[in-house]
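On a predicted model such as this, the values are computed, not experimentally measured, just so you know. Order of the sequence lines fixes the chain letters, A, B, ..., with proteins taken first and strands second; residue numbering starts at 1 for each chain.
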Number of protein chains: 4
Amino acid sequence: MAPKTKEQFAKIREDRKEEILNAALELFAKQGITHTTMQDIARKANISKGLIYNYFSSKEDLLNELIKSFINHLYDFFDPDGDGILTTEEMKYFIEQQVSTFKMNIDYWKFLYMLLIQPSAQEMMDKLQLEVLTSKMWKMIATYFKKHNFEDPESETWLFHTTLDGIVMNYIFNPDKYPIDNVKDLLIKRYCKPL
Amino acid sequence: MAPKTKEQFAKIREDRKEEILNAALELFAKQGITHTTMQDIARKANISKGLIYNYFSSKEDLLNELIKSFINHLYDFFDPDGDGILTTEEMKYFIEQQVSTFKMNIDYWKFLYMLLIQPSAQEMMDKLQLEVLTSKMWKMIATYFKKHNFEDPESETWLFHTTLDGIVMNYIFNPDKYPIDNVKDLLIKRYCKPL
Amino acid sequence: MAPKTKEQFAKIREDRKEEILNAALELFAKQGITHTTMQDIARKANISKGLIYNYFSSKEDLLNELIKSFINHLYDFFDPDGDGILTTEEMKYFIEQQVSTFKMNIDYWKFLYMLLIQPSAQEMMDKLQLEVLTSKMWKMIATYFKKHNFEDPESETWLFHTTLDGIVMNYIFNPDKYPIDNVKDLLIKRYCKPL
Amino acid sequence: MAPKTKEQFAKIREDRKEEILNAALELFAKQGITHTTMQDIARKANISKGLIYNYFSSKEDLLNELIKSFINHLYDFFDPDGDGILTTEEMKYFIEQQVSTFKMNIDYWKFLYMLLIQPSAQEMMDKLQLEVLTSKMWKMIATYFKKHNFEDPESETWLFHTTLDGIVMNYIFNPDKYPIDNVKDLLIKRYCKPL
DNA sequence: CATGAATGAGTATTCATTCAT
DNA sequence: CATGAATGAATACTCATTCAT
């Protein structure tokens with residue numbers, strides 16, 4: 001009989017928001033952003049259309065929140081161990097982590113590449129603030145290649161990232177046929193030779 | 001003002017169609033497919049909205065024709081010299097051709113990746129019949145890697161294509177900053193060592 | 001913490017209702033009726049949305065109650081002294097009262113004119129039962145003009161009320177710039193010449 | 001068989017736009033702006049909902065165009081004869097014109113007062129640029145009262161306009177019962193005494 | 001009595017497509 | 001062959017109202 005406490009309401013809101021974001025992510029990844037209607041999202045989340053607007057002020061806002069949430073996940077994915085110096089072993093671990101991350105969060109990655117390929121990608125990048133994150137990784141990898149005496153460590157870093165991008169692209173596009181683990185092993189062989 | 005011959009009419013039709021396709025490609029690449037309206041296309045092609053339907057039965061149809069046209073271009077891009085055996089020199093040439101193709105047809109590639117990343121990519125692939133094309137190249141590359149004693153030539157082929165995909169992605173996404181030529185040189189260095 | 005008596009409960013209810021009506025009036029006057037949401041009203045009254053429905057069955061009902069309450073206030077504003085005969089002095093007092101009433105209840109008047117100008121004004125008038133009130137005043141004023149030998153006392157009564165309407169309109173629309181007191185003085189000069 | 005000429009299209013557009021504006025004005029005046037849907041307007045104009053957007057980019061835009069059109073009409077209504085000095089006869093004529101204008105354009109005036117009483121009236125006034133128009137009239141009237149030795153010509157001008165406002169209000173609110181002509185006659189008697 | 005999450009009918013707006021001329 | 005006015009289905013979003021707690 002007693003009204004719900006603030007904590008109860010907060011929990012409900014939290015959970016509901018999460019559910020909506022999950023539903024949206026899945027649908028965005030599967031159908032594309034434009035082709036996913038608020039109705040679709042509501043249906044998938046088993047709620048009414050209107051309720052979404054209790055949690056997000058617009059589709060745009062929902063998209064932004066999803067991106068924010070994605071960023072947070074990215075930090076989970078990538079969190080480096082801190083000293084910023086990769087040993088050969090850590091490089092191997094890094095590659096494995098990356099690939100494992102691709103495999104475990106396919107919807108997220110599909111969503112990210114969807115965003116990137118879209119017209120307003122530049123703005124998205126800003127919103128994503130991916131650079132902050134990337135630049136850290138970038139330096140780590142570049143340093144690694146320098147230390148390992150790669151001929152053109154700068155370009156090698158570009159190539160390395162390019163290859164990872166290619167892997168994601170291929171994997172999200174065709175997770176069943178793409179031999180991601182074999183490719184990963186090749187990559188490790190190439191890049192993780194002991195000093 | 002002699003009446004036009006049938007051939008002349010056909011030519012006019014063909015040209016007009018081409019113009020519409022070009023307008024569409026450019027807009028699709030710049031704004032995305034969904035965000036490009038028939039009105040936009042008409043305006044860009046300097047014709048009326050209604051006239052488009054004289055050449056294409058629907059937006060869907062226009063899209064399909066564009067894809068077909070793209071396929072044809074792809075054949076132009078990739079046309080191998082026939083014997084299906086790549087020498088080291090030809091491999092180098094192939095990579096250079098590829099990259100040059102990326103640079104010269106950025107709209108096409110943007111469009112292609114847009115299609116691929118989209119929901120119905122599987123169907124698109126079918127429409128694209130990319131496999132036919134790809135499989136030829138695929139074999140050539142695989143054979144090359146075998147001949148050049150790469151450890152796991154099958155996976156190396158995958159990795160190679162993956163890397164090319166990554167290059168396109170990075171290039172179309174940021175043509176100004178991405179050091180595509182440096183990356184290309186690295187690739188050549190890696191893959192085109194003389195036997 | 002003695003349990004509350006019935007009377008106390010009734011009083012609380014009454015007060016709460018009053019608060020809601022006040023919040024609604026202020027918002028209606030400021031933002032218009034349609035553009036004021038139940039949420040707005042709840043927020044302004046520091047209660048929850050749902051609670052309003054404990055006091056009013058609908059927005060429509062709330063509006064009607066507000067109108068009723070307005071009527072009561074009107075009676076306060078206008079309460080004539082009973083004999084229905086205005087002396088010159090009382091006429092002056094009446095005008096002054098009116099204007100003072102406009103100034104002190106600007107929200108109420110804004111709200112009233114909002115209602116009147118709206119589509120369903122005729123119905124509103126019925127709800128307002130303004131006529132009852134007005135007819136009393138009407139007769140008093142008409143009698144006054146007759147006694148004071150105005151040429152066409154009937155039309156003069158219309159004109160007089162018309163002018164008061166005009167004053168309210170101008171005042172509520174632009175309380176800062178409209179020289180209501182000067183206009184009032186002119187009115188008094190015109191209508192309150194001693195017999 | 002020939003396609004329509006530009007002139008034909010232009011005429012169609014012109015006419016259609018006018019029809020939509022007329023439909024909108026009538027409905028806005030009758031039902032209020034908020035309570036009039038685009039659907040309503042379309043139905044009244046015997047066209048489809050979508051077509052309105054071929055002529056007006058939004059409801060807001062339609063409203064603004066209506067206001068613009070209203071301004072133009074106002075200039076028709078009020079256009080003074082130029083020298084800016086009113087003779088007694090002209091003052092009489094002016095009052096008669098005003099009242100006649102009220103009677104002939106009841107929807108326009110209802111619409112105007114609707115706008116004025118609404119929250120965003122201040123902005124509307126700006127859009128209306130009524131002041132430009134009003135200030136001209138204002139000076140003419142003020143000059144007239146000065147020349148005719150009214151005691152406080154400034155306030156008298158306010159009162160005069162106030163009365164006209166009151167007349168419109170009463171008339172649009174109840175065109176059948178309000179004795180506008182009697183009131184007009186009284187006004188003329190009061191203000192148009194020969195010097 | 002009190003809360004705010006939840007619903008769904010209603011509204012503005014977009015855009016592929018049709019069609020009279 | 002060519003035009004752009006016209007249509008209507010689809011979609012984002014609002015808000016009064018209900019209801020479990």
Open item on the list: Rounded to whole Å, how long is the line connecting atom CD1 of A:I47 with atom P of E:dA5?
Closed with: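 For the pair A:I47 CD1 and E:dA5 P, the rounded distance is 12 Å.
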Task: Positions of residues 49-59 of chain D (non-hydrogen atom under 4.0 Å from DNA chain F), listed by number - done: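 The stretch gives D:K49, D:G50, D:L51, D:N54, D:Y55 as the residues lying under 4.0 Å from the strand, ordered by number.
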Task: Which residues share a side-chain hydrogen bond (donor to acceptor under 3.5 Å, both in side chains) with B:Y55, sequence neighbours left out - done: none
- [ ] Check salt bridge (charged side-chain N to carboxylate O under 4.0 Å, His left out) between A:R43 and all other residues, then give those that pass, not counting sequence neighbours.
- [x]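 A:R43 satisfies salt bridge (charged side-chain N to carboxylate O under 4.0 Å, His left out) with A:D40 only.
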Open item on the list: According to side-chain contact (heavy atoms from CB on, under 4.5 Å), who are the partners of A:Y53, at least two apart in sequence or on a separate chain?
Closed with: A:M38
Task: salt bridge (charged side-chain N to carboxylate O under 4.0 Å, His left out) involving A:K17 - partner list, sequence neighbours excluded - done: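 So A:K17 forms a salt bridge (charged side-chain N to carboxylate O under 4.0 Å, His left out) with A:E65.
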- [ ] Starting from P on F:dA6, measure out to CE on D:M38 and report it in whole angstrom.
- [x] 15 Å
Open item on the list: Under 4.0 Å, counting only non-hydrogen atoms across every strand here, what does D:T34 touch: a base, just sugar-phosphate, or nothing?
Closed with: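 It contacts nothing in the nucleic acid.
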Task: Sub-4.5 Å side-chain heavy-atom contact between B:L25 and B:F70 - done: no
Open item on the list: What is the separation between atom CG on A:D40 and atom P on F:dT11, rounded to the nearest whole Å?
Closed with: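 Distance, rounded to whole Å: 8 Å.
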- [ ] Treat a base pair as Watson-Crick or G-U wobble with both distances under 3.5 Å, then lay out DNA chain E in dot-bracket form, 5' to 3', with | for cross-strand pairs.
- [x] .||||||||||||||||||||
- [ ] Check the distance between E:dT13's C1' and D:L62's CG and give it to me in whole angstrom.
- [x] 13 Å
Task: Nearest-nucleotide pick for B:T37, side chain only, options being E:dA2, F:dT3, E:dC15 - done: E:dC15
Task: Qualifying residues under side-chain contact (heavy atoms from CB on, under 4.5 Å), relative to A:N54, sequence neighbours excluded - done: A:R13, A:L51
Task: Residues which pass side-chain contact (heavy atoms from CB on, under 4.5 Å) with C:S57, listed by chain and number, not counting sequence neighbours - done: C:D61
TODO: Could you list by number each residue of residues 11-19 of chain A showing a heavy-atom separation from DNA chain F of less than 4.0 Å, or answer none if no residue does?
DONE: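 Contacts with DNA chain F under 4.0 Å: none.
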Open item on the list: Restricting to side-chain hydrogen bond (donor to acceptor under 3.5 Å, both in side chains), what partner residues turn up for C:T34, sequence neighbours left out?
Closed with: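 Counting only residues at least two positions away or on another chain, C:T34 forms no side-chain hydrogen bond (donor to acceptor under 3.5 Å, both in side chains).
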Task: Atom-to-atom span, CD1 of A:I33 to P of F:dA12 - whole angstrom - done: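 It works out to 13 Å between those atoms.
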Task: Whole angstrom value for the distance that separates P of E:dT7 from CD of C:Q39 - done: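 In whole Å, E:dT7 P and C:Q39 CD are 17 Å from each other.
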Open item on the list: Suppose we screen for side-chain hydrogen bond (donor to acceptor under 3.5 Å, both in side chains). Which residues come up paired with D:D15, at least two apart in sequence or across chains?
Closed with: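 D:K11.
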- [ ] Calculate the interatomic distance between D:H35 atom NE2 and E:dT11 atom P; express it in whole Å.
- [x]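 Value for this atom pair: 10 Å.
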Open item on the list: Going by the rule side-chain hydrogen bond (donor to acceptor under 3.5 Å, both in side chains), which residues pair with D:K44 if we only count those two or more places apart in sequence or in a different chain?
Closed with: D:E26
Open item on the list: Going by side-chain contact (heavy atoms from CB on, under 4.5 Å), C:F111 matches just one of C:I106, C:L63, C:N105. Which one?
Closed with: C:L63
